[in-house]
Amino acid sequence: MYDDDIIAAIATGYAVAAIGIVRVSGRGSLEILEKIFTKKPPYEHRKIHYGHITDSNGEVIDEVLVSVFKAPNSYTGEDSFEISCHGGLSVLNFVLERVFEAGARMAQPGEFTKRAFLNGKIDLSQAEAVEKIISSKSKRALFIAQRQLAGKFSSRIEQIREKILFLMAENEVIIDHPEEDLSFVETKEKVNMLVDIKKQLKSILKSSQYGDMIFEGVVLAIIGKPNVGKSSLLNILTGTSRSIVTDIPGTTRDVVSETFNIKGIPCTILDTAGIRETNDVIENIGVQRSKKALKEADIVIAMFDASNGLDERDVRIINYAVKYSNKVVGVVNKTDIKKAKFRLPFDKVVEVSCKNEAGIDKLEDTIADLVINLENDSDIVSLNANQKDSLKKGINICDKLIEDFQRGVDPALIGVDFISLADSLDDIVGKISNEDMLDTMFKKFCIGK
Amino acid sequence: MIYPKRYDVIVIGGGHAGCEAALISARLGVKTLMLTIFLDSIGAMSCNPAIGGLAKGHLVKEVDVFGGEMARNIDETGLQFKILNKSKGPAVWSSRAQADMTAYKLRMKYVLEHQENLDIKQETVDEIVAENGKVIGVKTHLGNEYLCDSIVVTTGTFMKGKIFIGLNEYRAGRAWEPPSEKLSDSLRALGLRVSRLKTGTTPRLDARTIDFDALIVQPGDDEPVPFSFKTTKFNRPNMPCYLAYTNETTHKIILQNLDQSPLYSGMVESVGPRYCPSIEDKVVKFFEKKQHQIFLEPQDENSSEIYADGLHTSLGYEVQLKFLRSMKGLEKVEIMRPGYAIEYDFVDPTQLKHTLEVKNVRGLFLAGQINGTSGYEEAASQGIIAGINAAFYIQKKEPFIVNRNEAYTGVLIDDLVTKGTKEPYRMFTSRAEYRLILREDNTHLRLAKKAFDAGLMSKEQYLLIDEQKKKIEETIKKLKTTYVFPNDRVNKKLLELGSEIIKTKTDLAKLMRRTEFNYDKLRELAVGLEDIEPFIKQEVEIDLKYEGYLNLQKQQIEKFKKYEDMRIPEGFDYNLVGGLSNEVKGKLMEIRPTSIGQAGRIPGVTPAAVAILVVHLKKVNDKRIRNTA
Ligand SMILES: Cc1cc2nc3c(=O)[nH]c(=O)nc-3n(C[C@H](O)[C@H](O)[C@H](O)COP(=O)(O)OP(=O)(O)OC[C@H]3O[C@@H](n4cnc5c(N)ncnc54)[C@H](O)[C@@H]3O)c2cc1C
Ligand SMILES: Nc1nc2c(ncn2[C@@H]2O[C@H](COP(=O)(O)OP(=O)(O)OP(=O)(O)O)[C@@H](O)[C@H]2O)c(=O)[nH]1
Ligand SMILES: [Mg+2]
């Protein structure tokens with residue numbers, strides 16, 4: 001059943017961005033594209049096509065770029081395309097409606113991923129991870145996952161794959177065709193290629209750290225001296241009254257945690273006991289826990305009261321924040337009473353009033369910015385623990401191969417290391433089959449005694 | 001007439017597959033008949049006069065251990081022997097010999113004729129007769145009907161064979177031998193998918209018209225090594241080959257006459273081997289190459305015919321002569337037989353089991369080029385497996401299956417029956433995942449037990465090999481437990497031997513792992529180490545020097561076996577498995593894999609589908625266990 005119909009969804013739902021993406025997948029989806037798009041086929045695989053989406057009367061809905069991915073080399077493994085539209089949600093919705101009109105149906109949550117799994121594009125553990133997050137926390141994770149495998153990331157992967165294939169094929173030619181007079185790439189060049197592969201793998205590993213935040217969620221901790229409004233802020237951000245708010249300093253005694261979304265990024269926010277020296281045993285335990293929460297948080301919101309000036313306790317908070325975190329947002333609260341007369345030593349400072357719910361949007365933008373820099377959104381990848389492991393293994397094997405080549409090791413043994421390299425990168429670069437290798441071999445080398 | 005004598009196994013064809021199939025079947029004690037189109041070409045080499053080569057040498061030696069004849073035959077008729085890749089690691093050493101083609105086929109015929117239980121007749125089979133999904137006999141062009149219980153078909157390039165030279169077309173099975181026009185229709189009628197492939201061969205030149213002084217001499221090894229582990233007396237000549245080169249004029253002539261090539265004019269549309277391209281293809285696809293190597297090889301000790309390796313062509317006769325004469329040393333050359341391309345029917349091998357039996361017709365086995373392969377060695381190794389299984393089928397014994405982790409033969413057959421092939425399939429070492437373990441040098445060591453258990457090897461042979469194995473193990477153990485100490489004598493000797501000194505007590509195995517060390521050097525260092533036969537030395541050295549890598553491959557094999565051991569019951573209904581796409585289901589139902597491992601190797605069967613299958617089979621099994629408990 002699943003391979004019969006065509007699904008579509010807005011893939012950039014909550015992001016504030018200049019463009020939005022509508023994603024469509026399923027056998028026959030390119031026929032839908034033909035119906036709604038001014039540019040007519042051929043639609044080349046992995047190419048971007050420029051044109052207009054029109055309604056059934058031929059009126060232009062939007063000027064767009066469409067990326068086409070053909071089966072089986074798409075995220076889902078099916079024919080699919082992505083329409084990058086201009087402007088806001090309404091345009092996106094018009095485009096989506098038009099896609100439905102032409103024969104697609106709304107994708108269920110996680111359905112792209114489910115198809116990717118059923119078509120063998122991702123393994124079970126990946127699919128599970130993606131699904132879990134999508135269903136529980138955020139849609140943004142799905143968009144990243146889709147882009148990661150279908151967009152810019154795949155061309156990056158393709159490059160790595162081709163380099164590995166070339167090196168493997170050459171090694172095999174050296175073994176299987178010893179009597180051919182072929183010219184081979186010099187050792188130095190091979191080593192350079194390996195160094196480059198290694199560099200790329202490392203950079204993927206690094207981009208995956210951003211992916212982690214999006215998939216696994218971001219942990220925010222609010223710190224501040226008692227009574228600055230920490231619990232009030234939590235309640236506003238989460239839209240609950242989870243944390244008790246009173247005017248008695250020291251109300252919150254333990255860490256309160258709550259989960260919510262900022263622009264599709266799943267966040268867990270920790271409200272902490274106000275950090276102060278105290279003799280109250282229970283509160284003291286709370287303070288210790290606050291310090292721990294501070295260390296675990298991805299982002300620290302350090303909160304101050306505008307209506308009072310900074311005192312030494314605030315200075316201690318500032319020091320804590322800077323010491324334990326490299327992502328700090330300073331928040332000055334109670335600006336409804338009085339404008340702040342002090343300047344905080346953080347890169348990002350937002351003035352708010354929890355009472356009037358003012359400045360909260362700005363605070364959310366600021367937090368989102370710290371998580372993802374929208375400009376290199378497409379570089380962000382999400383990898384599971386196994387994949388990260390494989391990447392690290394791959395990086396190590398690159399080192400070994402570099403050494404192999406420099407020492408002039410027997411090509412049969414180099415062959416084994418290449419297989420390990422390809423194996424370890426299976427998930428990431430895609431399976432390198434013997435056929436791929438032979439293809440490359442016959443394409444690049446004139447063989448035939 | 002219905003022939004009065006009844007046979008157990010009938011082998012159709014007397015090529016490399018047919019010879020091995022017929023011999024082993026008869027050797028296993030079942031009544032065997034070989035029917036072939038032309039008796040004088042039993043064991044004939046259609047193409048290059050050589051046996052072995054990269055990865056093919058492995059196959060020859062495996063056939064030898066399984067009781068085949070190819071290795072013994074070349075050991076008796078080779079003109080030069082060479083171990084390729086000697087400068088590289090032992091895993092990729094490969095033996096090759098130039099053959100005296102005439103002597104080779106005559107000896108093969110002689111062996112067949114002296115084999116008990118084997119009759120040989122010159123007749124063309126037109127039809128395979130089957131009843132209730134089982135073979136019962138064959139009908140020949142003479143109108144004879146032979147009854148039997150099992151058939152091995154090894155028709156090579158003969159079924160509806162069509163030869164092309166330039167724009168001329170002839171019906172032939174090979175050179176000018178008659179083709180087999182009817183048999184593939186009979187196979188189709190049995191429900192088999194048949195399609196076309198093509199291959200080509202080179203012109204044969206007259207040695208008297210070649211200026212050998214202008215060419216580069218290529219002799220064989222000074223100390224030739226035989227193929228067969230059974231060969232004891234070995235004394236063969238070392239006849240040289242010669243190396244010539246094409247040049248830009250040659251290429252120009254070829255390019256100017258492409259319209260004369262049936263491959264380029266569209267007359268031939270079937271696919272040929274990429275690793276064995278025609279000279280036309282080489283010149284077109286690798287335009288930037290200024291010259292190509294041509295190996296001139298003797299075909300026969302007593303004949304003038306020279307085989308021009310590297311010049312497969314289907315260009316017209318005139319063009320062939322013209323481009324040949326543009327080459328240095330060949331200015332006055334005379335062609336004795338022209339090169340040609342041949343197109344023929346083959347059977348999609350995914351319709352076969354690992355025994356090479358057709359899935360839907362009991363008792364019908366296919367082997368050799370008919371299965372989409374190319375090469376004598378590929379044919380022979382399939383021939384022997386099909387022959388063994390045909391005999392075992394008669395004798396109601398367990399099928400004889402060779403796995404990918406055991407031998408190149410296993411890789412070859414598993415590839416064919418699991419993946420099929422779009423071009424003539426040739427063996428490469430890179431196809432064998434466990435190539436460090438599946439070496440040529442240890443072929444008899446790794447396969448002796450399997451061969452002996454199946455009754456393919458005599459007890460004496462087996463014991464001899466077993467003794468070698470024990471000797472190797474003992475020696476390794478000894479080296480691992482014999483130590484040298486960092487004293488003056490030892491360190492002085494180490495430096496003398498071009499090695500580095502030691503600082504702590506060191507076992508000999510560890511020293512052996514140093515690149516510069518070998519067993520003889522160890523003997524100089526440690527007193528009391530006995531001299532052993534060279535083969536044992538070599539194996540000990542390989543085992544120790546590659547220990548880390550070998551262990552890695554052994555682990556990989558264990559992992560591989562885990563999935564091979566997850567059996568899929570025969571007749572398993574994939575419709576019962578939820579979550580498989582129709583495409584994947586279709587593939588699984590077509591190939592009918594016997595194990596999860598094999599299922600995963602089918603192109604298009606995704607890892608996700610395999611995961612779903614594993615889960616399903618586990619559930620089914622658990623239920624069965626619960627029900628029987
Ligand atoms: C032109 C040409 C070029 C080649 N080039 C290469 C190459 O470059 N490299 C390479 O490795 N290999 C090459 N080969 C392939 C190699 O010769 C074969 O792979 C190998 O000989 C196949 O062995 P076989 O036993 O399957 O078939 P063959 O050796 O072809 O033997 C087939 C046998 O079956 C018999 N036969 C066929 N039909 C019937 C019938 N109906 N009834 C009775 N008997 C029948 C024939 O008489 C013949 O004895 C080439 C072959 C040809 C013909
Ligand atoms: N005027 C004004 N009052 C605020 C604002 N934010 C919070 N308050 C008040 O400040 C008091 C303390 O707020 P809480 O949110 O409990 O402060 P807290 O930082 O969690 O305090 P502890 O848990 O005691 O550390 C409450 O009476 C709030 O109503 C604001 O923006 N303006
Ligand atoms: Mg509080």
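Hydrogens, waters and symmetry mates are skipped; everything else that's a heavy atom, side chains included, is used. From a predicted model like this one, the values you see are computed outputs, not experimental measurements. Chain letters run A, B, ... following the sequence lines, proteins first and then strands; every chain starts at 1.
Crowding of K585(B) atom NZ: a count of heavy atoms from other residues, nucleotides or ligands under 6.0 Å exceeding 12. In F560(B), the CZ atom is crowded: over 12 heavy atoms of neighbouring residues, nucleotides or ligands sit closer than 6.0 Å.
Annotation: maximal heavy-atom pairing with chain A below 4.5 Å, among S87(B), G53(B), G89(B), occurs at G89(B). Most heavy-atom pairs under 4.5 Å with chain A: of the set I294(B), L84(B), N85(B), I279(B), this distinction falls to N85(B).
The interface of residues 543-552 of chain B with chain A, defined by heavy-atom distances below 4.5 Å, comprises Y546(B), Y549(B), L552(B).
Atom-to-atom distance recorded for L182(A):CG and F286(B):CZ is 9.0 Å, nearest 0.5 angstrom.
Among residues two or more places apart in sequence or in another chain, the side-chain hydrogen bond (donor to acceptor under 3.5 Å, both in side chains) test is passed with T429(B) by D176(A), R435(B).
Using a cutoff of 4.0 Å between basic side-chain nitrogens and carboxylate oxygens, E179(A) and R96(B) are scored as salt-bridged.
For Y434(B), no part lies under 4.5 angstrom from a heavy atom of chain A. Of the atoms belonging to K88(B), heavy atoms from both backbone and side chain fall under 4.5 Å from chain A. Looking at K82(B), only its side chain comes within 4.5 Å of chain A, counting heavy atoms on both sides.
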Quiz item: Hey, mind stepping through H177(A) and L54(B) against side chain to side chain contact (heavy atoms under 4.5 Å, CB included) and telling me if it holds?
Solution: CA-CA 7 Å; H177(A) 304 274; L54(B) 254 295; over 6 Å; no
Practice problem: Test E172(A) against R431(B) for side chain to side chain contact (heavy atoms under 4.5 Å, CB included), laying out the working first. | Solution: CA-CA 10 Å; E172(A) 293 305 325; R431(B) 296 194 196 267; over 6 Å; no
Exercise. Could you go through the side chain to side chain contact (heavy atoms under 4.5 Å, CB included) check for D181(A) and Q291(B) one step at a time?
Key: CA-CA 9 Å; D181(A) 62 335; Q291(B) 57 173 33; 4.0 Å; yes
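Using a 4.5 Å heavy-atom cutoff, the side chains of Q553(B) and V416(A) are in contact.
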